[in-house]
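Numbering of ligands and ligand atoms starts at 1, following listing order. Being a predicted model, the structure only gives us computed values, none of them experimental.
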Amino acid sequence: MHISFNGRTLSLDTPKIMGILNVTPDSFSDGGNFNKLDNALAHAREMVEDGASIIDIGGESTRPGAAPVSLDEELSRVIPAVEAISKNLDVMISIDTSQPQVMKEAVAAGAHIWNDIRALRLDGAIQMAANLQVPVILMHMQGDPVTMQVNPHYDDVVSEVYNFLIARCDDAIDAGIKKENIILDLGFGFGKSVKHNFQLLDSMDHFVRAGYPVLSALSRKSMIGAATGIENPKDRTTGSVAGALLSIEKGAQLVRVHDVKETKQAFDVYQAMLNSRT
Ligand code: PT1
């Protein structure tokens with residue numbers, strides 16, 4: 001399995017790390033320290049040196065309760081960062097957006113992957129992805145970022161999330177998106193209780209068997225806080241690395257993380273174990 005776009009290819013034969021680069025003024029666990037372009041590029045470079053294969057750039061905060069941003073605001077945050085990173089670093093770039101116009105301009109500026117927490121449900125999104133032929137990450141969310149954590153409910157979280165994702169894949173393929181350009185994401189923290197999140201983590205192998213690459217994104221999230229009792233997201237690195245390692249052991253090919261260096265160290269240990277098998 002691999003992801004290819006715009007002359008760049010990433011093999012998914014071994015698990016790969018996506019490093020999070022927030023370009024929002026209120027980034028939930030970087031305290032908004034990386035707003036200026038120089039800082040964004042330096043942070044991206046550090047993550048590449050630490051072992052990131054993808055840099056995920058997000059100009060819209062989507063953590064629980066976050067307010068929406070305007071299209072112009074999102075473009076002015078994202079596009080300069082894409083230009084700077086694609087010009088200076090040898091890495092794939094994903095864009096954390098739901099807006100087709102943002103993705104169109106990001107691809108023109110050098111981006112490689114559309115990371116959409118709304119799974120291409122905004123007007124024109126699915127057609128834009130098909131036109132661009134860009135690899136897409138389709139994520140499950142119940143509700144919207146403003147209200148999703150109010151009272152999440154499922155009769156069977158695993159089958160409901162699974163059926164949603166497979167239905168979005170089918171719609172994407174019907175719209176002209178190639179099957180090999182689709183990545184699945186269970187959407188930890190998006191309209192889910194702590195128990196729902198851990199039931200999904202425990203079932204990640206079930207999603208892997210659907211035949212699409214799976215991205216696991218639980219870094220520093222409240223599910224890690226709930227499991228560990230650690231309140232400050234920045235202090236959740238060890239728990240987040242444990243979650244990333246459990247994910248790849250269940251077959252996830254991609255993890256989206258804040259702490260690239262620490263995650264890479266854990267993955268190296270996992271790979272050494274696999275390499276020892278004859
Ligand atoms: C995600 C994701 C994302 N999460 C993808 N993109 C966020 N593909 C942003 C909490 O519970 O899971 N997959 N882009 C950030 N969103 C959250 C959600 C942050 C929940 C924190 C929490 O603490």
Side-chain angles (χ1 to χ4, degrees), residues 3 16-24 26-31 54-69 74 77-78 92-99 102-103 111-121 125 129 134-150 152 161 164-165 168 182-198 200-201 204 207 212-237 239-240 243-244 247 252-259:
I3 313 170
K16 295 300 184 295
I17 298 171
M18 171 191 282
I20 300 168
L21 184 68
N22 277 309
V23 291
T24 57
D26 62 338
S27 311
F28 89 102
S29 53
D30 284 318
I54 305 171
I55 299 297
D56 188 48
I57 303 177
E60 181 207 15
S61 180
T62 52
R63 72 184 193 282
V69 298
E74 203 183 329
R77 291 175 187 173
V78 169
M92 278 195 153
I93 299 168
S94 61
I95 309 297
D96 193 342
T97 187
S98 295
Q99 300 288 347
V102 172
M103 200 59 215
H112 306 90
I113 301 170
W114 188 345
N115 174 22
D116 188 3
I117 63 150
R118 295 180 183 80
L120 306 177
R121 285 180 290 168
V134 67
V136 294
I137 297 166
L138 304 179
M139 195 198 80
H140 174 273
M141 165 164 53
Q142 184 178 78
D144 61 75
V146 179
T147 59
M148 64 192 179
Q149 288 310 111
V150 173
V161 171
F164 170 89
L165 288 174
R168 291 310 295 148
I182 298 175
I183 298 158
L184 303 184
D185 182 341
L186 285 51
F188 292 122
F190 285 89
K192 290 156 188 108
S193 68
V194 172
K195 186 172 179 183
H196 294 142
N197 286 316
F198 280 100
L200 287 168
L201 176 59
M204 198 164 267
F207 291 81
Y212 298 95
V214 171
L215 168 75
S216 174
L218 45 68
S219 182
R220 298 186 185 176
K221 284 185 178 176
S222 51
M223 64 186 285
I224 304 300
T228 59
I230 297 172
E231 273 180 37
N232 185 349
K234 287 190 167 183
D235 294 332
R236 296 175 185 160
T237 302
S240 300
S247 301
Q253 290 89 346
L254 291 160
V255 295
R256 178 182 181 275
V257 307
H258 299 84
D259 304 293

- Query: For S94, which of D56, I57, I183 qualifies under side chain to side chain contact (heavy atoms under 4.5 Å, CB included)?
  - Reply: D56
- Task: Please say whether N115 places an N or O atom under 3.5 Å from an N or O atom belonging to ligand 1.
- Result: yes
- Message: Taking distance alone, with N or O pairs closer than 3.5 Å, would you say S222 contacts ligand 1?
- Response: yes
Student check: side-chain heavy atoms of [X] and [Y] closer than 4.5 Å:
X: L254; Y: M18; value: no
X: Q253; Y: K16; value: no
X: S222; Y: V194; value: no

- Any heavy atom of G58 sitting closer than 4.0 Å to ligand 1? no
Side chain, backbone, both or neither: which part of [X] has a heavy atom under 4.0 Å from ligand 1?
X: P64; result: side chain
X: I117; result: side chain
X: R63; result: both
X: R220; result: neither
X: L218; result: neither

Any idea which atoms of ligand 1 are less than 4.0 Å away from a heavy-atom of [X]?
X: M139; answer: 1 (C), 5 (C), 12 (O), 13 (N)
X: A217; answer: 1 (C), 12 (O), 13 (N)
X: L215; answer: 8 (N)
X: G189; answer: 20 (C)
X: D96; answer: 3 (C), 6 (N), 9 (C), 14 (N)

- Task: Taking ring pair (Phe, Tyr, Trp, His ring centres under 6.0 Å) as the test, write out the residues that go with F207, two or more places apart.
- Result: Y162
- Task: For F164, enumerate each residue passing the ring pair (Phe, Tyr, Trp, His ring centres under 6.0 Å) test, keeping only those at least two apart in sequence or located in another chain.
- Result: H140
- Query: Any side-chain donor paired with an acceptor under 3.5 Å for E74 and T97?
  - Reply: yes
- Any donor-acceptor pair under 3.5 Å from R256 side chain to L215 backbone: no
- Query: Where the side chain of S247 meets the backbone of A252, is there a donor-acceptor pair that is under 3.5 Å apart?
  - Reply: no
